[in-house]
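Naming convention: chains lettered A, B, ... in sequence-line order (proteins, then strands); numbering from 1 in each chain.
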Amino acid sequence: MDMKTLLLLIALAPLAGSIVAGLFGWAIGRRAAHVVTIAGVAVSAILSLKVLSGFVFGHAPVFNEPVYTWLTVNGNTYSVGFQIDALSALMMAVVTSVSLMVHIYTIGYMQEDPGYQRFFSYISLFTFSMLMLVMSNNFIQLFFGWEAVGLVSYLLIGFWFKRPTAIFANLKAFLVNRVGDFGFLLGIGLILAYFGGSLEYRDVFAMAPQLAAKTIELIPGHAWSLMSVTCVLLFVGAMGKSAQFPLHVWLPDSMEGPTPISALIHAATMVTAGIFMVARMSPLFELSDTALNFIMIIGSITALFMGFLGVVQNDIKRVVAYSTLSQLGYMTVALGASAYSVAVFHVMTHAFFKALLFLAAGSVIMGMHHDQDMRNMGGLRKYMPITWLTSLVGSLALIGTPFFAGFYSKDSIIEAVNQSQLPAAGFASFALTASVFVTALYSFRMYFMVFHGKERWKLNVHEHEADAHDEDEHHHGLGPNDNPHESPWVVTLPLVLLAIPSVVIGYLAVGPLVYGDFFNGAVVIDAIKHPALLHLGEEFHGATAMALESLRSLPLWLAAAGVLAAWIGYMKAPQLPDAIRRRINGVYVLLVNKYYLDELYFAVFAKGSRWLGNAFWKIGDMLLIDGLLVNGSAAMVASISRLTRRLQTGFIYSYAATMILGVLALMTYWFAPLILR
Amino acid sequence: MLTNVLSLVIWVPILFGLLVLATGSDAHARLARWIAVVGALAGFLLSLPLFTGFAELHGGMQFEEMHPWIEALNINYHLGVDGISMLFVVLNSFTTLLVVITGWEVIQKRTAQYMAAFLIMSGLINGAFAALDAILFYVFFEGMLIPMYLIIGVWGGPRRVYASIKFFLYTLLGSLLMLVAFIYLYNKAGNTFEISAFQDLKIAFDVQIMLFIAFFLSFAVKVPMWPVHTWLPDAHVEAPTGGSMVLAAITLKIGAYGFLRFALPIAPDASRYLSGFMVTLSLIAVVYIGLVALVQTDMKKLVAYSSISHMGFVTLGIFMFAGNTQNVYAVEGALIQMVSHGFVSAAMFMSIGVMYDRMHSRNIGDYGGVANKMPMFAAFMMLFAMANAGLPATSGFVGEFMVILGAVQVNFWYAALAATTLIFGAAYTLWMFKRVIFGEVANDHVAELKDINKREFLVLALLALTVLGMGLYPQAFIDKMHPAVNDLIAHVAQSKL
């Protein structure tokens with residue numbers, strides 16, 4: 001099998017599964033639907049790993065070829081094509097393997113759902129779209145994948161389309177993402193206009209160095225660097241997709257979707273598309289310090305301030321969602337520090353441990369009979385041992401425990417930022433370091449509330465707000481006399497399979513991926529201007545040494561402090577959080593209301609556009625154009641004819657008199673000159 | 001190979017239309033339907049050789065036919081298509097077939113006349129796209145108003161009289177000035193109404209401006225451009241589903257086609273000079289109308305406004321090209337957008353028609369949770385809604401994408417304003433979709449809904465295939481239009497002063 005066939009198979013196998021399950025799901029039944037989609041994704045995953053191994057164990061050549069011509073304009077050809085190098089191969093492997101886990105898990109999680117086949121169809125379609133995105137060799141296909149994953153995300157957030165909250169959330173997600181795409185598309189437009197007409201990465205990157213100093217005047221009199229404007233616009237797209245402040249508002253609400261897709265789309269893969277995109281565009285971003293500073297600041301704000309929100313959430317999925325936001329902030333900061341490989345490394349480790357945490361949360365939710373409120377949980381470790389242990393592994397990886405996957409990627413990011421010489425690095429360094437404490441606090445707050453302490457569902461009858469989320473047939477909650485049960489093997493198997501890389505992948509991969517030459521050629525770094533990663537590499541002496549060195553570093557102790565704080569607050573002295581909350585009530589209210597950004601956006605953008613639309617419609621269209629011009633001119637014709645109608649009296653004598661007057665007038669007109677002459 | 005394909009695609013539907021009329025009263029409605037569908041199918045099949053047999057390599061007119069008509073005035077029955085007009089002849093014949101199927105059992109009153117009106121209109125529209133003689137064009141251009149006027153006026157909603165008269169006067173008023181322009185050009189060109197002769201004339205700048213205004217008044221109304229658009233929402237709301245489909249898919253395109261065939265080549269200097277003005281009107285259409293669409297409570301009105309906004313991309317592309325003929329992206333984007341909008345808007349109106357036939361309401365507030373009862377329909381409408389919102393892999397994406405990319409080359413802020421459609425287009429389409437399709441079953445009427453039948457499935461599936469096909473492989477269409485666009489570039493780039 002040649003490479004092109006293999007790659008086509010990787011991309012199209014999930015699509016085929018999706019089409020079969022989607023169009024013929026009603027005929028083939030539930031079992032066949034999950035068999036066919038899982039088979040498709042499994043083929044894709046195995047072949048992706050094969051492709052990746054070519055890059056890991058040896059130097060497979062970069063594949064870069066068109067598949068078919070989509071459009072030819074003005075002599076420029078725009079094709080669908082694949083560029084497979086270390087970066088895309090790694091992403092393909094991550095996407096397909098996590099997707100496979102989620103597919104298997106779904107058999108258990110969605111078993112009672114009437115939309116079973118539809119769900120499998122969607123997640124396979126998602127896998128196809130995401131693969132098209134990461135495998136692309138040009139901007140149009142990138143944009144296609146970009147929008148396609150957005151579509152599937154929309155469909156899946158609104159999967160339970162009867163719930164008002166779900167269909168509000170999916171519309172919101174789509175529109176906020178479209179705001180990002182607005183910038184993204186304009187960025188692509190600038191590339192087309194100034195980079196020689198081609199939209200293939202290869203050609204664009206080759207042109208980029210010549211254009212490094214070019215300026216454009218978007219506002220007359222203000223010369224801006226073309227590269228900075230382009231990169232910032234492209235990054236606006238990433239802000240939408242990767243949920244960076246201030247376009248992050250859609251991600252927490254996206255938790256309305258079923259948990260498997262929260263794991264797959266809204267944690268492990270789709271939301272990292274923005275990170276991947278910037279890493280892919282490294283030859284452009286390296287040419288603009290302005291853009292890198294901007295990225296670093298946005299990422300820092302996201303990392304720190306979204307982390308705070310995780311601390312006050314009581315819905316188990318929302319805690320993980322805010323954690324995802326915060327971690328995406330970390331990745332973004334790494335991009336800003338020109339540590340693209342570190343960012344992608346964190347994408348990978350995060351994909352495993354965050355998918356694990358989400359799926360574990362889903363398992364907990366199943367055990368709790370679809371109650372998501374952590375205030376009703378507690379002591380679950382006794383009933384759900386596998387979920388408990390794998391959650392613990394995921395949490396330890398998340399907070400950056402030495403030797404766990406998250407440690408290597410997160411520590412590398414913090415180190416890279418410390419080494420960065422950009423002006424924004426100071427703030428970023430502070431924000432990320434502080435976030436370490438916050439991360440540990442919310443992670444272990446969740447862990448202790450769920451798995452340790454009193455079995456709270458036995459204490460209170462459901463009275464909490466979280467119940468409002470579950471009005472449909474799913475919601476039962478756990479009665480005071482029920483006990484949760486461990487989930488079936490199709491659920492726990494993916495947890496275990498994801499727990500393994502959450503432990504070991506960092507230790508194994510940090511050397512080659514971050515400090516080795518794995519990404520050579522796939523990402524470009526201007527080592528003179530942005531030497532952070534270079535310095536880091538000089539200090540790196542193996543994964544074990546890195547873990548041991550961290551014992552002397554601040555982040556580790558901050559993480560430990562966070563865990564300790566969570567233990568004190570939620571195990572030792574449960575009255576303490578309430579006491580703190582009362583002391584700083586203003587801050588608490590601000591956090592619970594998510595900084596009031598949702599309210600602000602709703603008032604300004606949603607209501608504002610409707611107000612404008614109404615004004616244009618009622619005043620512009622109805623009053624001015626129709627009222628004044630159209631019906632007005634009709635009314636004028638009518639009134640003139642009303643006047644002239646009076647002449648038509650129907651009396652012979654008045655017509656005769658008019659005629660005589662007319663004849664007189666004409667005669668005067670003709671004969672007067674003759675007489676006067 | 002048929003030598004008179006164009007005559008056939010004009011007259012076969014008209015003859016079938018007359019045949020359908022001859023079946024008379026509703027006693028023979030069944031016969032009328034079958035004759036109509038045979039006629040529409042024949043028209044569509046006859047139009048296919050235009051697409052498949054079109055020579056992509058050279059420009060100029062193909063499938064030409066020339067017969068003297070009124071010799072005293074040197075008026076000829078001269079037909080021919082280039083890569084631009086050919087697409088619309090095929091699109092029109094395709095739409096007519098869909099419309100006849102759509103009206104199948106929905107129209108129970110005066111069935112024969114209804115079907116006949118569409119068949120006759122189809123022939124007249126094909127004639128307008130194929131005419132190469134200005135008077136012949138004018139006759140077809142005006143003639144097609146009459147069936148549409150009747151369709152709205154007879155089978156329309158409660159305010160059909162207001163709507164049809166508004167439609168008729170609005171569009172007639174503009175075209176009278178065009179006739180004056182033709183007569184002027186006739187004298188100037190040495191007693192000929194050949195459009196190609198008009199295009200070769202050297203014309204003084206101020207005269208070009210006058211001619212441009214004459215064309216503008218007749219074509220801008222058709223497109224429709226802001227601020228002469230207000231007839232369209234009224235016409236759509238009152239028109240029966242089939243009427244809306246043809247109106248949106250084809251009739252609007254004739255306006256844009258007129259700019260490309262007459263205004264730009266005959267008055268290129270005026271077009272260049274006024275391109276900024278036209279671009280401004282187009283951008284107003286995109287943004288202003290996009291916002292107006294957002295607040296509509298009537299589904300048809302919403303889609304009608306969305307049509308105006310999407311047609312804004314067409315005129316935007318055309319006049320960015322008029323301003324700078326290097327901007328091939330803009331004009332080819334505009335053409336693709338014209339074809340795509342034909343599919344997408346027809347599909348949107350069809351979808352609304354499917355619901356209207358069951359609920360007899362177009363009011364968004366009367367719906368909710370339709371997906372529970374009509375899952376197959378909901379899936380189709382999701383696709384069309386996404387196409388309307390310009391999602392890649394649907395036809396709706398290609399044209400808008402190209403026009404926006406072309407706009408960046410002209411002025412970044414044009415592109416920024418045009419790109420707001422990414423947000424507003426998604427907002428008004430998906431917000432409507434949410435309120436109508438998603439949610440719990442809203443009321444007893446929705447609870448009684450039945451999913452689409454085979455006939456509706458056929459129409460929606462055909463539209464879905466074209467929407468996806470064009471989105472995945474637009475090159476098939478671009479190949480056809482390339483030579484014509486090259487001709488246009490050569491023509492418009494030259495000053496005619």
Residue B:Q296 versus chain A: region with a heavy atom under 4.5 Å: side chain
Contacting region of A:Y194 [heavy-atom separation from chain B under 4.5 Å]: neither
A:L155 versus chain B, the contacting section by heavy-atom distance below 4.5 Å: side chain
Considering all heavy atoms, the nearest B:A389-A:R178 contact: O-NH1, 2.9 Å
Among A:W146, A:W26, A:Y78, residue most engaged with chain B (heavy-atom pairs, under 4.5 Å): A:Y78
Top contributor to chain A contacts, counting heavy-atom pairs under 4.5 Å, from B:T421, B:L422, B:V328: B:L422
Reported CG-to-CG distance for the pair B:L383 and A:L151, which is rounded to 0.5 angstrom: 9.5 Å
Which atoms of B:F401 approach chain A - backbone, side chain, both or neither, heavy atom under 4.5 Å: side chain
Contact origin within A:L233 toward chain B - heavy atom pairs under 4.5 Å: side chain
Engaged part of B:F477 at the chain A interface, taking heavy atoms whose separation is under 4.5 Å: neither
Winner by heavy-atom pair count (cut-off under 4.5 Å) against chain A, out of B:A293, B:A416, B:A476: B:A416
Heavy-atom closest contact (B:H229 atom, A:I625 atom, distance): CE1-CD1, 3.8 Å
Portion of B:I336 that has a non-hydrogen atom of chain A nearer than 4.5 angstrom: neither
CD on A:E147 to CE on B:M386, rounded to 0.5 Å: 9.5 Å
Side chain / backbone / both / neither for A:F143 at chain B, heavy atoms under 4.5 Å: both
Full working for side-chain contact (heavy atoms from CB on, under 4.5 Å) between B:W431 and A:L175: CA-CA 10 Å; B:W431 191 33; A:L175 293 183; over 6 Å; no
For A:A193 against B:Q409, the heavy-atom pair lying closest together: CB-CG, 3.6 Å
Aromatic plane relationship, A:W617 with B:Y305 - under 30° parallel, 30 to 60° tilted, over 60° perpendicular: perpendicular
Which of B:A407, B:G406, B:A393, B:A379 touches chain A most, by non-hydrogen pairs under 4.5 Å: B:A393
Distance-minimising heavy-atom pair for B:L294 and A:S609: CD2-CB, 3.7 Å
Between A:I167, A:L171, A:N76, A:L190, the one whose heavy-atom pairs under 4.5 Å with chain B are most numerous: A:I167
Smallest separation among heavy atoms of A:G189 and B:L405, with atom names: CA-CD2, 3.4 Å
Close side-chain approach of B:F438 to A:R163, heavy-atom, < 4.5 Å: no
Greatest number of heavy atom pairs closer than 4.5 Å to chain B - which of A:V179, A:I219, A:L192, A:I188: A:L192
Region of B:L430 that comes under 4.5 Å of a non-hydrogen atom in chain A: both
Verdict with supporting geometry, A:E217 and B:F412, side-chain contact (heavy atoms from CB on, under 4.5 Å): CA-CA 10 Å; A:E217 289 193 8; B:F412 179 81; over 6 Å; no
Closest-packed option against chain A by number of heavy-atom pairs under 4.5 Å, given B:T420, B:I478, B:N372: B:N372
Heavy-atom contact with chain A under 4.5 Å, split by part of B:M376: neither
Sub-4.5 Å side-chain heavy-atom contact between A:K162 and B:V441: no
Structural part of B:I404 lying under 4.5 Å from a heavy atom of chain A: side chain
Heavy-atom pair of closest approach, residues B:Y288 and A:F616: OH-O, 3.1 Å
Nearest-0.5 Å distance that lies between atom CG in A:N177 and atom CD1 in B:I423: 11.0 Å
When A:L185, A:T72, A:T69 are compared by non-hydrogen pairs under 4.5 Å with chain B, the top option: A:T72
Ring geometry between B:F397 and A:W70 (parallel below 30°, tilted from 30 to 60°, perpendicular above 60°): tilted
Under 4.5 Å from a heavy atom of chain A, the part of B:L391 involved: both
